[in-house]
Amino acid sequence: MPLRLIFMGTPDFSVPTLLELVSHGHEIVAVYTRAPKPGGRRGLQLQPTPVEEAARKLGVPVLTPKTLKTPEALEEFRAFDADAAVVVAYGMILPQAILDAPKLGCYNLHASLLPRWRGAAPINRAIMAGDAESGVMVMKMDVGLDTGDVAMAERLPITDNMTAVDLHDRLSRLGADLMVRAMAALARGGLQLKKQSEDGVTYAAKIDKAEARIDWSKPARAVLRHIHGLSPFPGAWAELENARVKILRCELAKGSGEPGAVLDEQLTIACGEDAIRIIELQREGKGRMQAADFLRGVPVKPPMRLA
């Protein structure tokens, strides 16, 4: 039985869930997303969010309120007479009155294995912390920060060659399928909820650009996970010949030396323990490139050092 749904989301991560809900016959009566921001080559043209672009193609009404805390916003939300709301990386706090408005509640897709990594940057933090796995969970929302009762979950291993964008894309697709299954269970009255454990709670703070500088004194795997957890944005960086270079992808390598030292002519860099080899990087003001292409224009060899 199809549901009348309000969809609330903003970035690319949210779009597959919206499309899957539509393809499975649910009626999306409205889409809420963040307001367009200046962008384009000169930063003057307003750029709609990826969710707004998808909703416009579907012919679904789009709303971009600055707040949901006013009586007018609540009245407008209630007027859609939705069975439930689906929230995927919307980026705004939902007050209790909004959470209570849909008949069956509001359901959030979160990109972590709750209660680990509640908060803004669960994908980045899971990689940076060296976690062996991540996943997606559907929870019924309450006013806390990702504290609602969990309905369904799917797990996904994190490998050392996986960057934040790799994990983002896989979890986005996995989450879309999970939310469709959750809404099917909700429609037939079979969605079961379980309270989150209070053990193992961690918070995924928003990424600060000040965290992006690479600390070569750390072990190679920690350096690799730091690089991959920040790839492609904001991009972990180091200085080479007084110029900033973002490192976007690397692999573990054999070798030892002073942390940051260039060990060979294939961009193998010494860490506090062992080494990494750079696979993809980006010079300041340039596009991303493979290491082999970079080395054709910028010879890097011992005894050079990444600071």
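The figures here come from the full heavy-atom set of this structure, side chains too, leaving out hydrogens, waters and symmetry mates.
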Are the side chains of [Y] and [X] in contact, using a 4.5 Å heavy-atom criterion?
X	Y	value
M139	D149	no
Y32	L94	no
I269	L263	no
M183	H26	yes

Within the distance-only criterion (no hydrogens, no angle test), does the side chain of [X] pair as donor or acceptor with the backbone N or O of [Y] below 3.5 angstrom?
X	Y	value
R288	Q282	no
N108	V87	yes
R249	N161	yes
T33	G9	yes
S231	H228	no

- [ ] Applying ring-ring contact (aromatic ring centres under 6.0 Å, His included), name anything that partners F13, two or more places apart in sequence or on another chain.
- [x] H168
Distance-only donor-acceptor pairs under 3.5 Å for side chains of residues 71-79, two or more places apart:
none

- [ ] For the pair R173 and D169, find out whether any cationic side-chain nitrogen is under 4.0 Å from an anionic carboxylate oxygen.
- [x] no
Task: Lys/Arg N to Asp/Glu carboxylate O, E52 vs K37, below 4.0 Å - done: no
Open item on the list: Applying salt bridge (charged side-chain N to carboxylate O under 4.0 Å, His left out) as the test, list every pair that has at least one member in residues 262-273; sequence neighbours left out.
Closed with: none
TODO: State which residues pass side-chain contact (heavy atoms from CB on, under 4.5 Å) with A212; sequence neighbours excluded, sorted by chain then number.
DONE: L230, P234, W237
- [ ] Output every pair passing side chain to side chain donor-acceptor pair (under 3.5 Å) with a member in residues 196-205, not counting sequence neighbours, ordered by first then second residue.
- [x] R118-Q196
Open item on the list: Distance check, rounded to the nearest 0.5 Å: I276 atom CD1 versus R225 atom CZ?
Closed with: 14.0 Å
Task: For K66, all residues meeting salt bridge (charged side-chain N to carboxylate O under 4.0 Å, His left out), sequence neighbours excluded - done: none
